[in-house]
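Report on one structure; see the data block that follows.
For this chain, numbers begin at 1 and follow the sequence in order. As the structure is a computational prediction, the values presented were derived from the model and not from experiment.
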Amino acid sequence: MEFDILVAGGDVVDGTGSPRSPLDVGIADGKVVAVDRIEGARARRVIDAKGKVVAPGFIDVHVHSELARLGGVDRFAGVLDGVTTELMSPDGFSWAPLEPDRLREVKEYLQVFYGDPDIGWDWTTVADYLAIFRDRIPNNLVPQAPHLAIKAGAMGWGTERSSPEQMSAMTRSLVEWLDAGAVGMSAGLEYQPGALSPVDELTALCRVVASAGGVYAPHQRGYWSRLAHGSEESFQIGRESGVKVHISHLAVDDTAAGLLDEALRSGVDVTFDMYPYSAACTHLLMMLPEWAQAGGYATSMRQLTDPPQRERLRDETSERIRERGEIMLSSVERGEELEGRRLGDLAREARQADVDCLFELLATHSGRALAVYHWPDSVDGEALIRRTLAHPLYIGSTDGIYMGTRPHRRGFGTFARIAGEYVRSGALTLEQAVRKITGFPAERFSLRDRGLLVAGRVADVTVFDPDRLADLSTWDNGRVSPSGIAHVIVNGEVVVDAGVPTGSLPGKIVRRS
């Protein structure tokens, strides 16, 4: 028997949750063709995996990566963390299908998260958008229908309820994505215009998703102090539409655990993801009250630059800042010298209240600033993360955002942290950890040719040293790749060799199967 690649002498952890086993993996024509004790076989390339774990390629179900993977400093950040497949359009963020004027508006709103790369920005259809990734990405990308673009395309940023004609337009865009292979619909219900969506509108769209066997993946309308409201809304949509629900970035405390149990008892098919860090990251405009964000980017900027409106915003914004822990700026448009600074320190230096410093910063920098929000000291972050990772409904994700000089660490070291550090500390077994980042997400999102290391599946493979696998990033320097990732194979082609990117770009758009 002859292989293109033979991964020999390692311990296979196949993604099913079964115990590891000393086996070889033979790869030919982009597929896994043998997982067995293989002796005497010929191969064009033999990878010595002795002392290492051979696993399916990791799957990231929530990451803001798709434009970063087209080029630039973070192009290979995913594969260097062992990731071979990433879901697109988290939080409902995307740019299709949109007419040129709407595309410009959505691009302006999302620029803080993705920048303004030179990629043409000249598509109008889903197919044309997905075509820009052909032969240009190191890892696979999986489409999700983006609620933000679907809603903005049908009715802009207005606060009114959708008309029957607008609902029809949203449904047509959703079907366009599903026909293009989307695995479901993602939504950002604390972002615009999703925050304005009533439950019945979301339920109607989710009935269409359910009919295609897809998943509804919301950044729901409430976490922490508003967790019950946000979760109950997500579960109501699941019950009334029949759609599978996957909650984005949910940390499991007593309240969350109880809500998940209640949802299961009521017949909701639910899972969730979370990054293993006790700090969030999103745009600084999120600190404004919801009513001040309504209407999108242009409306928010008008609020910030009008003194009477600022005064109206002041009390509610101050309260939202107080609810957060330490706020560190990670990316500021035309303000790199501010990146890495704490909002509280900047306010003290300027002899301002935190809220006034925030207003001034947003107004001065076109509202385009990202921040890392460290959890308050009152939260035992480490205990919460360990409980979250161990929950049977948990799936791994990074929520990585690739902007600024101080990006959140989660976009670089998440999977090394889950399958390395949290395994060694006893939060998970190795087999449990690998299942939560390979087989389980593949099963959940209907990626039936990925996620398991068995004969017949596509050859997405990650080889790592279980003793050395570790997150090396810091809050001062998040852009550091982990240790312990030895080799990564995407669609049968080596993209990381001895810990170094090869420059190969074999990634594909992987559709619902």
Side-chain angles (χ1 to χ4, degrees), residues 57-94 110-115 117 133 137-142 144 146 186 188 191 217 219 246 248-251 272-283 286 328-331 339 370-374 385 388-389 395-421 436-437 441 462 470-482 485 488 495-496 501 507:
F58 304 157
I59 298 173
D60 192 346
V61 300
H62 189 109
V63 57
H64 300 269
S65 62
E66 56 207 83
L67 301 191
R69 302 303 184 238
L70 289 169
V73 66
D74 299 315
R75 189 177 211 173
F76 300 102
V79 292
L80 285 168
D81 195 24
V83 176
T84 59
T85 301
E86 300 173 339
L87 269 63
M88 304 168 74
S89 308
D91 302 319
F93 294 175
S94 192
L110 296 180
Q111 188 169 327
V112 65
F113 299 101
Y114 296 92
F133 298 97
I137 49 177
N139 50 261
N140 303 307
L141 295 176
V142 177
Q144 293 184 98
S186 65
Y191 298 102
H219 170 129
H246 178 84
S248 297
H249 40 64
L250 176 69
F272 67 93
D273 64 71
M274 183 62 191
Y275 43 87
Y277 298 87
S278 57
C281 179
T282 189
H283 62 171
M286 187 70 87
M328 183 197 82
L329 302 176
S330 63
S331 176
E339 296 172 0
L370 291 171
V372 172
Y373 299 88
H374 291 273
I385 290 167
T388 299
L389 269 57
I395 289 173
S397 75
T398 66
D399 202 359
I401 301 176
Y402 299 94
M403 289 289 291
T405 62
R406 296 293 192 278
H408 194 299
R409 302 167 60 189
R410 63 195 186 188
F412 303 88
T414 282
F415 290 98
R417 204 170 175 88
I418 294 170
E421 296 168 38
K436 288 172 181 287
I437 59 179
T462 295
D471 173 21
L472 301 183
S473 68
T474 67
W475 294 115
D476 287 332
N477 187 8
R479 200 172 262 113
V480 180
S481 299
I485 298 290
V488 179
V495 295
V496 174

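- The CZ atom of Arg75 lies 7.0 Å from the CG atom of Leu70; values are rounded to the nearest 0.5 Å.
- Side-chain contact between Glu86 and Asn140: absent, with no pair of heavy atoms (C-beta onward) separated by less than 4.5 Å.
- Of the inter-residue distances, the one linking Phe58 atom CZ with Asp81 atom CG reads 7.5 Å to the nearest 0.5 angstrom.
- At distances below 3.5 Å, at least one donor-acceptor pair connects side-chain atoms of Arg406 with backbone N or O atoms of Asp476.
- In this structure, Thr474 contributes its side chain and Asn477 its backbone to a donor-acceptor pair below 3.5 Å.
- Remark: Asn139 CG to Ser65 OG distance equals 6.5 Å, nearest 0.5 Å.
- For the pair Arg69 and Phe133, the cation does not sit on the ring face, since its NZ or CZ is not both under 6.0 Å from the ring centre and inside 45° of the axis.
- Checked by atom type and distance alone, the side chain of Asp273 pairs as donor or acceptor with a backbone atom of His249 at under 3.5 Å.
- In this structure, CD1 on Ile59 lies 9.0 Å from CZ on Phe415, to the nearest 0.5 angstrom.
- Residues Glu421 and Asp471 have side chains in contact (heavy-atom distance under 4.5 Å, counting atoms from C-beta outward).
- Between the side chain of Thr398 and the backbone N or O of Gly411, no donor-acceptor pair lies under 3.5 Å.
- Nearest heavy-atom pair, Gly57 versus Thr462, reported as atom, atom and distance to 0.1 Å: CA-OG1, 3.5 Å.
- The side-chain heavy atoms of Leu389 and Ile418, taken from C-beta on, include a pair separated by under 4.5 Å.
- When the options Trp475, Phe76, Tyr402 are evaluated for a ring pair (Phe, Tyr, Trp, His ring centres under 6.0 Å) with Phe412, the one that passes is Tyr402.
- By the side chain to side chain donor-acceptor pair (under 3.5 Å) test, Arg479 pairs with Asp74, sequence neighbours left out.
- In this structure the side chain of Cys281 reaches within 4.5 angstrom of the side chain of Ser330, judged on heavy atoms.
- Of all the heavy atoms in His408 and Ala280, the pair that sits closest is CD2-O, 3.6 Å.
- Annotation for Thr414 and Pro276: closest pair CG2-CD, 3.5 Å, computed over non-hydrogen atoms.
- The side-chain heavy atoms of Leu80 and Pro501, taken from C-beta on, include a pair separated by under 4.5 Å.
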Task: Step-by-step side chain to side chain contact (heavy atoms under 4.5 Å, CB included) determination, Val63 to Asp399 - done: CA-CA 4 Å; Val63 57; Asp399 202 359; over 6 Å; no
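- Residues Glu66 and Leu141 meet the side-chain proximity criterion, which asks for heavy atoms closer than 4.5 Å.
- With sequence neighbours excluded, the residues that form a ring pair (Phe, Tyr, Trp, His ring centres under 6.0 Å) with Phe113 are Phe93, Tyr191, His283.
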TODO: Decide yes or no on side chain to side chain contact (heavy atoms under 4.5 Å, CB included) for Asp60 and Thr85, but give the supporting numbers first.
DONE: CA-CA 6 Å; Asp60 192 346; Thr85 301; over 6 Å; no
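- The heavy-atom pair separating Val79 from Val488 by the smallest distance is O-CG2, 3.3 Å.
- Atom OG of Ser94 sits about 10.0 Å away from atom CD of Gln144, to the nearest 0.5 Å.
- Considering all non-hydrogen atoms of both residues, Ile437 and Ala419 come closest at CD1-CB, 4.2 Å.
- Residue Gly478 comes nearest to Ser473 through the heavy atom pair O-CB, 3.4 Å, listed as atom of the first residue, atom of the second, then distance.
- Cation-pi geometry between Arg410 and Tyr275 is met: under 6.0 angstrom from the ring centre, within 45 degrees of the axis.
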TODO: Would you check, one step at a time, whether the test side chain to side chain contact (heavy atoms under 4.5 Å, CB included) holds for Leu370 with Val112?
DONE: CA-CA 7 Å; Leu370 291 171; Val112 65; 3.9 Å; yes
Open item on the list: Is there a side chain to side chain contact (heavy atoms under 4.5 Å, CB included) between His246 and Val61? Walk through the geometry before answering.
Closed with: CA-CA 10 Å; His246 178 84; Val61 300; 3.9 Å; yes
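- To the nearest 0.5 Å, atoms CG (Leu472) and CZ (Arg417) are separated by 11.0 Å.
- In summary, the side chains of His62 and Ser248 do present a donor paired with an acceptor at a separation below 3.5 Å, with no hydrogens or angles considered.
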